[in-house]
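Below: the structure, in structure tokens.
Convention: sequence-line order gives letters A, B, ...; per-chain numbering from 1.
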Amino acid sequence: MKFEFIPIDFDYFDFEGKNYIRLIGRTEKGEKICVIDNYEPNFWIILKKEYEKNVEKVCEKIKKTVSEKASRLSGVLRTEICNKKFLGKEVVAIQVFVTNHKDAHDIASKIGDMKEIEFRREYDIPILTKYIKEKKVEPLRWYTVDGNAISSNEFSKMSNTDLKICVYASKIEKSKKEGGFKPKILAYDIEVDDTEIGKGNILMVSLYGDNFRKCLTWKKCENSQDYVDCFENQAKMIEGFVKYVKEYDPDVLTGYFSDGFDLPYLKSIAKKNRLKLNLGIDDSEPIFSRGRISSGKIFGIVHIDLYRFIDAVFSQYLQSETLSLNEVAGELFGEKKENFDFEKLNSMKDSDWRDFFSYCLQDSRITYMLAEKIWPDIFEFTRIIKEPIFDVTRDRMSSHVENFIIHNLDRFNEIAEKRPVYDEIEQRKSLGKYEGAFVLQPIPGFYENLAVFDFTSMHASIIVSFNLSKSTLVDKKEKGSFQTPEFEFDGEKKFFYFSKEKGFTPKLLEEVVGLRKKYKKEYNENKNPLLKARSNAYKLLANASYGYLGFFGARYYSREAAASTLAFVRDFASRTIEKIRNEGYGIIFSDTDSIGFELKNKTKNQVLELLKKINSELPGIMELDLEDFYRRGLFVSKRTTKEGAKKKYALLDENNKLKIRGFETVRRDWCKLARDLQNEILKKILEDGDEKRAFELLKVAISKLKNRKINIRDLMIRTQLRREISQYLSEGPHVAAAKKMKEKEIPVSQGMLIEYFIGESKSKGKRIGDRVFLPNEKVNYDVDYYLNNQIIPAVENIFEVFGINIKNIIEGEEQRKLF
DNA sequence: GGAGTTCGCATACC
DNA sequence: ACAGGTATGCGAACTCC
């Protein structure tokens with residue numbers, strides 16, 4: 001049979017000691033089917049130059065290697081001699097085909113001590129990555145599959161699913177069919193009576209899909225909404241959950257933090273009740289992989305924990321201060337969670353249960369909406385990176401960059417570099433930092449008529465323009481090679497040189513930057529979410545490529561190339577600053593790739609002319625852009641000294657839109673009162689240029705505070721608990737608050753945002769931490785603390801720019817009892 | 001026991 | 001362990017007399 005097919009999920013299995021790949025996807029008609037493909041596992045051996053002529057002999061020796069592990073006999077099946085490239089250099093290599101991928105590493109180690117061998121490579125790449133890379137069967141693209149349905153032989157047992165068709169492929173070819181498909185998404189959410197996994201009960205499970213909504217429970221059976229499905233007990237409810245998922249038959253099952261909470265909780269309750277959580281289409285249970293956060297994989301259904309993807313990739317587009325479902329959904333499509341007071345859980349009335357069901361369903365509903373909203377980004381990212389959706393939605397940016405490189409190596413005839421082993425990672429981490437970007441110290445003041453220039457994708461464009469990478473670093477100056485500016489590296493003043501011949505990673509990055517430009521333009525002509533997602537994906541990839549160079553876990557790590565990139569960044573920033581200054585503009589600030597300056601007596605046209613001139617002098621693909629013109633800007637001094645504070649400013653553009661950076665207004669660990677007040681004052685000063693009126697705002701706030709008219713909610717301070725309580729050397733207020741929560745048996749966990757306020761206390765200790773109170777504690781707030789440690793520090797430096805010393809005025813007014 | 005200083009920590013900028 | 005370095009500023013903990 002022959003048909004069109006789009007792979008959605010990838011998996012593999014062993015049959016008679018050999019590896020097979022299982023693809024789950026849909027046909028053109030929308031049927032969900034399974035395609036099985038064979039795969040010949042292999043790795044590479046690179047010969048030492050002097051032994052290249054002995055390559056045939058080496059092959060013969062290698063063929064005798066066997067591995068016996070886990071009662072599996074595995075060996076070298078055949079070898080192939082190829083001319084390849086490794087790190088840009090021509091090599092003679094042997095591709096060694098083995099029985100089973102799991103033994104590739106072992107076999108590679110066994111032949112490692114042969115004197116003819118220089119390197120062994122690609123035994124450390126996961127099998128699905130190797131399969132996709134070599135057979136070019138990529139996720140979410142259309143293929144024409146030729147093959148036979150398998151039904152009643154031994155082999156079929158290995159691929160047993162409840163799908164109607166399973167096909168053993170004889171041929172898989174790229175299809176002409178374009179475009180994607182709309183996945184069938186099902187969102188789920190659970191509510192429990194104890195948040196520690198498996199400790200309590202799952203009170204309800206909600207499901208939300210296309211034209212589908214359910215809330216499953218065993219707690220309350222009468223007078224509930226029509227979507228509530230009531231079961232005899234918790235075990236029956238879980239069976240019901242599995243049944244509903246199977247009936248709906250989704251491509252994607254999604255939750256929010258479901259890797260870390262919902263799925264493991266369901267599994268643990270199922271286990272307690274001696275049930276199988278057989279969600280897989282072959283009736284298998286979810287498999288949890290180990291890692292920093294365990295990931296729940298379901299066979300045949302892509303389990304996506306939206307939180308993981310947002311945390312690793314998508315959060316860069318967001319303003320949200322936390323990545324809670326509520327805040328993220330609120331920002332992306334204005335939908336909020338419902339309110340439910342969990343303290344009622346012990347005394348629930350009928351109406352409370354109805355509210356609770358509704359709350360739970362709403363969580364699934366907004367998870368579903370979020371999945372639909374983010375799908376274009378997941379889709380495009382998956383197609384560009386070419387890894388299975390499961391991994392694309394969980395990997396961090398460094399892995400994305402690396403996988404993108406790996407899946408494009410064949411175009412350069414390159415063999416992949418190996419992953420660093422533990423010792424190498426430790427060694428790389430032990431090296432100190434290298435010098436970073438340049439930040440210009442501003443002179444505090446109130447400025448008018450400004451312009452800001454910035455370099456577009458500065459690091460990436462430098463890497464491309466100067467051919468910076470691990471494989472292009474050369475020992476000494478060559479004809480046409482690129483030379484870095486002189487800079488200090490590990491305590492030594494030096495230069496680095498990079499070859500003239502383009503390396504494959506700078507070449508790839510050049511493509512990425514080009515594609516980003518192309519799709520950004522296309523998106524501007526045709527605003528559709530897929531084009532936006534594609535353009536964004538290339539942008540993220542370009543921006544992460546510099547960080548990847550300096551990341552200790554990278555296959556293509558090069559501390560020299562990373563440090564060289566920054567040497568160029570500093571050089572271009574300072575030279576551009578000089579050019580602008582020499583034209584008669586007043587430089588105000590600069591940070592890494594941006595430069596802000598006063599127009600003084602110049603016109604906007606002159607600024608644009610200057611921009612054109614600078615651009616004509618920039619090498620390679622480097623580009624300077626006009627970020628914007630600004631009417632006014634405010635720069636303050638540091639709190640400790642009189643010097644100007646870096647990374648802290650407020651700008652007002654020509655549409656009267658405020659751009660605030662670094663100020664307390666944008667810091668989530670300051671109370672709302674101080675943040676809002678500072679924001680209002682900055683607004684007043686920048687919009688009206690009237691600091692006297694702004695001062696009135698401060699006076700009103702102080703008098704409200706002293707008269708205890710401030711809502712306690714506006715005084716809450718939120719700080720993240722970034723480690724386990726016991727791991728802190730210094731006990732800050734948020735740690736004291738976390739300890740207090742633990743005493744009161746309020747769940748506290750690493751990574752949580754701790755909320756507290758500072759109150760009056762009889763046993764006044766020396767530390768602020770001794771006066772910490774939790775949000776529901778009925779204690780008077782500490783007026784002095786909020787005045788001296790929140791309000792005044794937030795606005796003091798702003799007024800100082802205008803020569804107003806607020807402390808003196810406040811003390812004066814206090815004496816005259818004006819407050 | 002108070003003043004001055006250093007250090008740990010969280011968060012922001014690019 | 002899961003992109004990099006630069007920077008501010010609080011509060012705790014230390015040092016010193």
Side-chain angles (χ1 to χ4, degrees), chain A residues 291-293 308 311-313 316 321 391 394-403 419-420 422 425-426 428-429 432-442 452 454-455 457-460 540-554 556-557 559 561-563 565-566 569-570 573 589-595 627 636-641 643-649 659-670 717-723 727-736 753-754 758 765-772 785 788-790 793-794 796-797:
Chain A
R292 208 161 44 96
I293 312 167
R308 299 273 308 263
D311 183 38
V313 173
Q316 302 181 50
E321 280 171 20
D391 303 277
R394 287 170 177 78
D395 285 348
R396 314 288 304 190
M397 278 317 292
S398 61
S399 301
H400 290 316
V401 172
E402 188 152 289
N403 287 324
R419 195 183 273 158
Y422 183 79
I425 291 180
E426 289 304 299
R428 290 175 183 184
K429 280 203 285 192
K433 288 188 180 189
Y434 45 84
E435 195 182 344
F438 169 68
V439 187
L440 183 87
Q441 187 149 45
V452 177
D454 62 5
F455 287 93
S457 298
M458 191 184 204
H459 298 73
L540 287 181
L541 213 46
N543 288 345
S545 58
Y546 153 71
Y548 175 81
L549 270 184
F551 168 50
F552 54 76
Y556 295 100
Y557 171 83
R559 190 159 165 270
T565 309
L566 288 175
V569 167
R570 291 189 297 271
F589 75 99
S590 171
D591 187 344
T592 312
D593 57 359
S594 65
I595 302 165
E627 200 254 339
V636 298
S637 65
K638 286 199 271 195
R639 279 189 62 70
T640 43
T641 63
E643 302 166 305
K646 300 171 178 178
K647 298 179 189 288
K648 218 171 170 183
Y649 57 81
K659 178 173 172 176
I660 298 179
R661 293 289 119 102
F663 274 110
E664 284 71 9
T665 303
V666 298
R667 291 184 63 97
R668 70 173 182 193
D669 55 350
W670 283 69
I717 296 165
R718 293 175 194 84
T719 314
Q720 194 187 16
L721 193 70
R722 292 166 53 118
R723 51 183 76 175
Q727 299 298 304
Y728 281 94
L729 298 170
S730 163
E731 187 186 308
H734 73 300
V735 182
L753 212 50
I754 306 291
I758 307 303
K766 234 181 165 182
R767 307 179 327 164
I768 288 164
D770 299 327
R771 285 174 284 143
V772 153
Y785 173 82
N788 296 318
N789 299 38
Q790 293 276 328
E796 194 176 19
N797 293 356

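For an aromatic pair to be called close, the ring centres must be under 6.0 Å apart, and A:Phe551 with A:Tyr557 fails this. A centroid separation of 6.0 Å or more is found between the aromatic rings of A:Tyr548 and A:His459.
The nearest heavy atom of DNA chain C to A:Gly769 and to A:Ala544 marks one nucleotide each, and the one closer to the 5' end goes with A:Ala544. Where A:Phe438 and A:Arg396 meet DNA chain C, the nucleotide closest to each residue was compared, and A:Arg396 sits on the side nearer the 5' end.
For the pair A:Arg723 and A:Tyr728, the cation-pi test (distance below 6.0 Å, angle within 45°) is passed.
In the helix from B:dG1-C:dC17 to B:dC14-C:dG4, the terminal helix axes, each the rotation mapping four pairs' C1' atoms onto the next four within five end pairs, subtend 20°, rounded to 10°.
Between A:Val636 and A:Asn797 the shortest heavy-atom distance is CG1-O, 3.7 Å. Here the closest non-hydrogen pair linking A:Arg668 and A:Glu321 is NH1-O, 2.8 Å.
Of all nucleotides in DNA chain C, those with any atom nearer than 4.0 Å to a heavy atom of chain A start and finish, going 5' to 3', at C:dA1 to C:dA13.
Using a 4.0 Å heavy-atom cutoff across all strands shown, A:Tyr785 reaches sugar-phosphate atoms only and no base atom. Residue A:Gly553 is out of contact with every strand shown, counting any heavy-atom pair closer than 4.0 Å. Heavy atoms of A:Gly547 sit under 4.0 angstrom from at least one base atom. Counting any heavy atom pair closer than 4.0 Å across all strands shown, A:Lys433 reaches a base atom. Within 4.0 Å (heavy atoms only), A:Asn789 reaches sugar-phosphate atoms of the nucleic acid but no base atom. Among the heavy atoms of the strands lying under 4.0 Å from A:Ser398 are primed sugar atoms or P, OP1, OP2 only; no base atom is included.
Under the 3.5 Å distance criterion, the side-chain polar atoms of A:Arg428 are matched with a main-chain donor or acceptor of A:Ala554.
For the pair A:Phe455/A:Ser594, no side-chain contact is recorded, criterion being any heavy-atom separation below 4.5 Å from C-beta on.
Expressed to the nearest 0.5 Å, how far CG of A:Asn789 lies from CD1 of A:Ile768 amounts to 5.0 Å. With rounding to the nearest 0.5 angstrom, the CZ atom of A:Arg718 is 14.5 Å from the CZ atom of A:Arg667.
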A correct 5'-to-3' footprint of nucleotides 4-14 of chain B, with B, S and - meaning base, sugar-phosphate only and no protein heavy atom under 4.0 Å, is ----SSBBSBS
